[in-house]
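We're numbering straight along the sequence, starting at 1.
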Amino acid sequence: MPVTTTDNVCCTIRVTGLVQGVGFRPTVWRLANEERLTGYVINDGAGVSIQAAGQPDAIERFCKRMRDEAPPLARIEHIEIAPGTPSIPSTKSFIIGPSREGRVTTGIVPDTATCSACLEECFDPSNRRYSYPFTNCTHCGPRLSIIKTIPYDRDTTTMAGFVMCADCQKEYDEPSNRRFHAQPNACQKCGPRVWLEDQSGHLITNDPIEECAQLIASGKIIAIKGIGGFHLACNATRNAAVDELRRRKERDDKPLALMAANMEMVHTLAYVDDNAHRLLTSPAAPIVLLQPRDVMQLADAIAPGQSRVGIMLPYTPLHHVLLTKLVRPL
């Protein structure tokens, strides 16, 4: 049981599971303030550690709400409550403290597809992230592919070399913002940029995404940076392009997956039931095997001898922006 101090109790709460890089600390901060608790929350090698002081019933509600209102990508395995010491900071507030190192026993969530909020910003001409191909927040984007070590902080990721501009830093520092401690947080001013080069390594200096779309439409094969790797893409309706991709990959028969711009395009390509729709639009953005339609003529070599075709939706802003400029699947 927690240690009683007058009418309040002090306790240590340990949360384990996939709770780093998902906006868990801001959620803890919000819930603690709503329950009028004082103390702090930190990341460490084992997950999330919380020191809290408050009314016993408030702490009980707080722990229940952590499970019920966890961020979308969080996966809580255990919440352990132990007696705490009266070493809660003397401030009359609940704060998010700096991470602590230690023996690593926690994990990091997988990379996830672009969330609806980021996608809306990416296609809003008035938004500062309009068409920015690396838009992300605590609910989406790269995680596992950029981490170097635990705890999951900016300086332990491959984003360490990108210094945030004032606007991004403000988002990163504000606990109520969905980009609070979003380690890949960036924008046009301060983040990674996209470029296009030919097979000789020479830069193509026009609008790289527009130029890429034109090359794909004309039958060229493009290596597009995804999350954690490259996606070899070509126009899925051009026989010559798909045949050439197979020749270069020395892949005679193995089925090739399709990427469709949106669910409307998926429905033109294949028959989709509710379960397939749920899978396609989930944060994992998997390839889903579907029965093809004959409405859109696909290249013969997409899935030779198969009764189904694998289809996925775009999983990065770069793919989304590119596919708005094409009327055919990749």
Side-chain angles (χ1 to χ4, degrees), residues 18 20-27 43 71-74 96 98-99 108-197 203 205 207-212 223-231 283-285 313-325:
L18 298 180
Q20 294 193 20
V22 295
F24 195 79
R25 285 177 299 169
T27 298
N43 278 345
L73 300 181
I96 298 173
S99 298
I108 290 294
V109 296
D111 307 321
T112 57
T114 310
C115 70
S116 58
C118 283
L119 200 56
E120 183 176 345
E121 292 175 341
C122 197
F123 288 106
D124 179 2
S126 66
N127 192 280
R128 70 189 187 91
R129 288 189 172 88
Y130 177 60
S131 292
Y132 183 55
F134 305 107
T135 299
N136 68 86
C137 71
T138 54
H139 303 315
C140 69
R143 294 291 185 276
L144 187 61
S145 67
I146 64 171
I147 186 69
K148 292 181 177 179
T149 187
I150 299 292
Y152 179 67
D153 288 314
R154 181 97 170 187
D155 60 359
T156 63
T157 73
T158 56
M159 288 296 292
F162 295 93
V163 179
M164 284 181 281
C165 66
D167 289 332
C168 285
Q169 188 69 52
K170 184 177 179 180
E171 295 170 334
Y172 185 88
D173 292 335
E174 174 51 58
S176 63
N177 193 288
R178 84 174 198 278
R179 290 192 169 93
F180 175 74
H181 278 226
Q183 307 309 341
N185 191 30
C187 71
Q188 306 272 15
K189 292 181 181 178
C190 61
R193 300 188 180 186
V194 64
W195 72 91
L196 179 66
E197 60 186 49
L203 289 178
T205 56
D207 180 338
I209 298 179
E210 179 66 39
E211 185 73 17
C212 181
I224 303 170
K225 185 70 174 75
I227 298 179
F230 282 85
H231 168 208
L313 289 175
Y315 56 90
T316 74
L318 176 58
H319 288 105
H320 279 286
V321 175
L322 173 63
L323 280 162
T324 61
K325 302 176 182 297

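Between the SG atom in C122 and the CZ atom in F134 there is a gap of 10.5 Å [rounded to 0.5 Å]. To the nearest 0.5 Å, atoms CD (E121) and OG (S126) are separated by 10.0 Å. Taken to the nearest 0.5 Å, the NZ atom of K225 stands 9.5 Å off from the CH2 atom of W195. To the nearest 0.5 Å, atom CG of residue L144 and atom OG1 of residue T112 are 11.5 Å apart. The CZ atom of R193 sits 9.5 Å away from atom CZ of F162, with the distance rounded to the nearest 0.5 Å. Taking CZ of R179 as the reference point, atom NE2 of H139 lies at 10.0 Å (rounded to 0.5 Å).
Here the shortest heavy-atom pairing between A186 and P192 reads CB-CD, 4.0 Å. Taking both residues in full, the closest heavy atoms of I147 and T149 are given as CD1-O, 2.9 Å, listed atom of the first, atom of the second, then distance.
Of the possible donor and acceptor atoms, none in the side chain of R143 sits under 3.5 Å from a partner among the backbone N and O of Q20. Between the T156 side chain and the K148 main chain, no donor and acceptor come within less than 3.5 Å of each other. Of the possible polar contacts, one joining the N136 side chain to the P184 backbone as a donor-acceptor pair under 3.5 Å is found. Under the 3.5 Å distance criterion, the side-chain polar atoms of E197 are left unmatched by any main-chain donor or acceptor of L203. No donor-acceptor pair closer than 3.5 Å links the side chain of N185 to the backbone N or O of E171.
Side-chain contact between R178 and C118: present, with at least one pair of heavy atoms (C-beta onward) separated by less than 4.5 Å. Using a 4.5 Å heavy-atom cutoff, the side chains of C165 and C187 are in contact. Using a 4.5 Å heavy-atom cutoff, the side chains of C212 and L322 are in contact. Side chains of H231 and P314 form no contact here, defined as non-hydrogen atoms less than 4.5 Å apart. Two residues are said to be in side-chain contact when any heavy atoms from C-beta on lie closer than 4.5 Å; P317 and F123 fail this criterion. By the 4.5 Å heavy-atom criterion applied to side chains, Y130 and Q188 are not counted as neighbours. When side chains are defined from C-beta on, T138 does not count as touching P26, because their heavy atoms never get closer than 4.5 Å.
With sequence neighbours excluded, no residue forms a side-chain contact (heavy atoms from CB on, under 4.5 Å) with A160. Judged as a ring pair (Phe, Tyr, Trp, His ring centres under 6.0 Å), and not counting sequence neighbours, F180 has no contacts. Considering only residues two or more places apart in sequence or on other chains, E211 meets the salt bridge (charged side-chain N to carboxylate O under 4.0 Å, His left out) condition with none of them.
The neighbour count for E120 CD, taken as heavy atoms of other residues, nucleotides or ligands under 6.0 Å away, does not exceed 12.
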Residue pair Q183, M159: steps toward the side-chain contact (heavy atoms from CB on, under 4.5 Å) verdict: CA-CA 7 Å; Q183 307 309 341; M159 288 296 292; 5.8 Å; no
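Here the rule is side chain to side chain contact (heavy atoms under 4.5 Å, CB included) with P133, and of V321, T316, L318 only L318 fits it.
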